Amino acid sequence: MFPSITITGEPFERGRQYGAVTAAQIRHSIASYARLFAYRRGLDWEAAQSEALAYEPLLRERAPDLLDEMRGIAVGAGRTLAEIIALNVRTELLAGVGVGVHHPAAAAALARNRAAGVPQHIEQPAMTRDAAGDDGECTTAAAAPPATANGGVWLAQTWDWQGDQRAACILLRIISPDQPPILTLTEAGMVAKIGLNGAGVAVGLNLLRSRADGQRQGMPVHVLLRQMLQTTSVAAARQLAEHIPASGSSCITLAGAGGELLALEITPEGVAEILARAGLLAHANHCLDAGTAAGECALEPTSTSRERYGRAWELLQAAAGQIDRTVLENILRDHEGAPRCICRHPDPRIAAVDRTESVCGVIIDLAAQTMHVAAHVPCTTPFVPVPI
């Protein structure tokens with residue numbers, strides 16, 4: 001299971017506790033994203049930090065508490081604030097970059113990183129360059145009455161990303177004096193990702209791509225997820241998505257203990273709502289709303305999004321009225337159409353920087369305020385309950 005930590009107190013102190021306990025995992029995150037920024041954009045880690053610092057004024061205005069928490073993380077982990085911001089805006093720094101891109105300046109950027117002592121992963125060479133990777137990025141399945149057994153409300157997803165980042169995953173509990181308690185599965189150094197809070201609000205995340213991505217600074221999605229988890233209702237969380245445009249596109253699925261379910265397709269052009277149908281909701285990595293779909297990038301041939309979405313919807317419908325944790329576990333472990341399937345295994349033929357897999361599976365039980373986590377490819381490991 002991923003390491004579990006609890007942080008308490010005011011923002012800076014929470015961050016200091018966080019950074020001190022997870023310094024090794026934060027170093028791992030830096031190795032992952034320093035490599036990725038070099039490959040995708042030709043940026044060395046110093047240049048990535050410089051771009052990340054441009055977000056400091058926005059964070060100071062829109063999320064001052066979380067900027068203070070990032071300062072504390074940096075102090076606790078012995079890193080710079082710019083490094084911690086870079087981790088939290090990694091999605092925005094990569095917005096607008098195509099799938100599988102290798103920038104012509106990548107080798108030079110990687111060499112500068114090595115010379116500067118930036119953390120590195122031990123690389124396993126790809127078996128062949130003929131196999132193409134994809135940025136699959138997650139399958140979500142959610143259910144609420146009347147589709148569930150015993151009136152439950154559930155939000156489940158795989159998190160598909162580079163397998164290297166499994167070693168940076170943590171379960172972070174946040175206890176603050178003026179907000180509901182939060183439990184989030186996130187990458188070390190980042191303020192949130194998938195999670196739930198004590199007020200009965202849960203969030204999930206899928207990556208989307210639109211032609212408007214990366215053209216202007218916008219609200220960092222991982223900061224937005226944390227702000228949503230600091231609210232006390234789905235309605236309040238929904239309103240946060242309208243406060244400032246995004247830099248890159250994503251889908252945030254919101255679930256509430258009262259049975260609320262909706263997916264927000266967020267692009268730099270605006271926000272579209274996808275509502276549950278008869279208590280069922282699924283999403284992957286393409287737009288379902290006609291408006292957002294009109295502006296999205298064409299799916300790459302390697303994309304498995306439509307297959308994964310279709311299969312998740314099929315399995316939800318087949319179990320309608322009886323959906324519980326077991327049903328959702330089976331969905332996240334499904335191999336129909338393999339390798340273009342929901343439960344995704346790594347392809348060793350592909351270099352680590354291009355290889356995606358189901359890093360983990362998460363099932364959130366809103367009624368029990370519990371997150372069930374499979375801390376590897378979901379079919380290979382049990383889902384372990386983690387109460388808030």
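All residue numbers refer to positions in the sequence shown, counting from 1. Keep in mind that this is a model prediction, so the values were computed, not measured.
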Atom [atom1] in [X], atom [atom2] in [Y]: separation rounded to 0.5 Å?
X	Y	atom1	atom2	value
Q120	L110	CD	CG	7.0 Å
T22	R27	OG1	CZ	13.5 Å
E242	I266	CD	CD1	8.5 Å
Y18	I73	OH	CD1	5.0 Å
S250	L224	OG	CG	7.5 Å

Minimum heavy-atom distance between [X] and [Y], given as atom pair plus value:
X	Y	value
C343	H345	O-CD2, 3.7 Å
L155	V203	CD2-C, 3.6 Å
L58	P220	CD2-CD, 4.0 Å
S29	Q165	OG-NE2, 3.4 Å
H243	Q239	CD2-O, 3.3 Å
A47	L43	CB-CD2, 3.9 Å

Could [X] and [Y] be called an ion pair, given the rule that one side-chain N must be under 4.0 Å from one carboxylate O?
X	Y	result
E51	R41	yes
R16	E10	no
E260	R238	no

Side chains of [X] and [Y], heavy atoms from C-beta outward: is any pair under 4.5 Å?
X	Y	answer
H372	L332	no
I175	I7	no
L66	Q230	yes
V223	M70	yes
P378	F383	yes
L205	H222	yes
T232	P180	yes
Y55	E92	yes

Do the side chain of [X] and the main chain of [Y] share a donor and acceptor less than 3.5 angstrom apart?
X	Y	result
T326	D324	no
R14	G9	yes
Q215	R211	yes
D334	N330	no
Q317	A312	no
D44	A38	no
T139	T158	no
Q322	A149	no

### Query
Under 6.0 Å between ring centres, would you say that holds for Y309 and H286?
yes
Distance-only side-chain donor-acceptor flag, [X] / [Y], under 3.5 Å:
X	Y	result
H28	D164	no
E265	T292	yes
S4	R173	yes
S303	E300	no
H283	T253	no
E83	W45	yes
S249	S210	yes
T80	Q49	yes
T356	R344	yes
S247	Q217	no

Same cluster or not: are [X] and [Y] linked, directly or through other Ile, Leu, Val, Met, Phe, Trp or Tyr residues, by side-chain heavy atoms under 4.5 angstrom apart?
X	Y	value
L87	V118	yes
V384	I5	yes
L53	L93	yes
I342	L316	yes
V221	L67	yes

## Note on the structure
Which of L299, T304, N206 passes side chain to side chain contact (heavy atoms under 4.5 Å, CB included) with N285? It is N206
#### Entry: Plane angle bin for Y33 and F37 - parallel if under 30°, tilted between 30 and 60°, otherwise perpendicular
tilted
### Query
For W313, is the NZ or CZ atom of R306 found under 6.0 angstrom from the centre of its six-membered ring and inside 45 degrees of the ring axis?
no
### Query
CG of D178: more than 12 outside heavy atoms within 6.0 angstrom?
yes
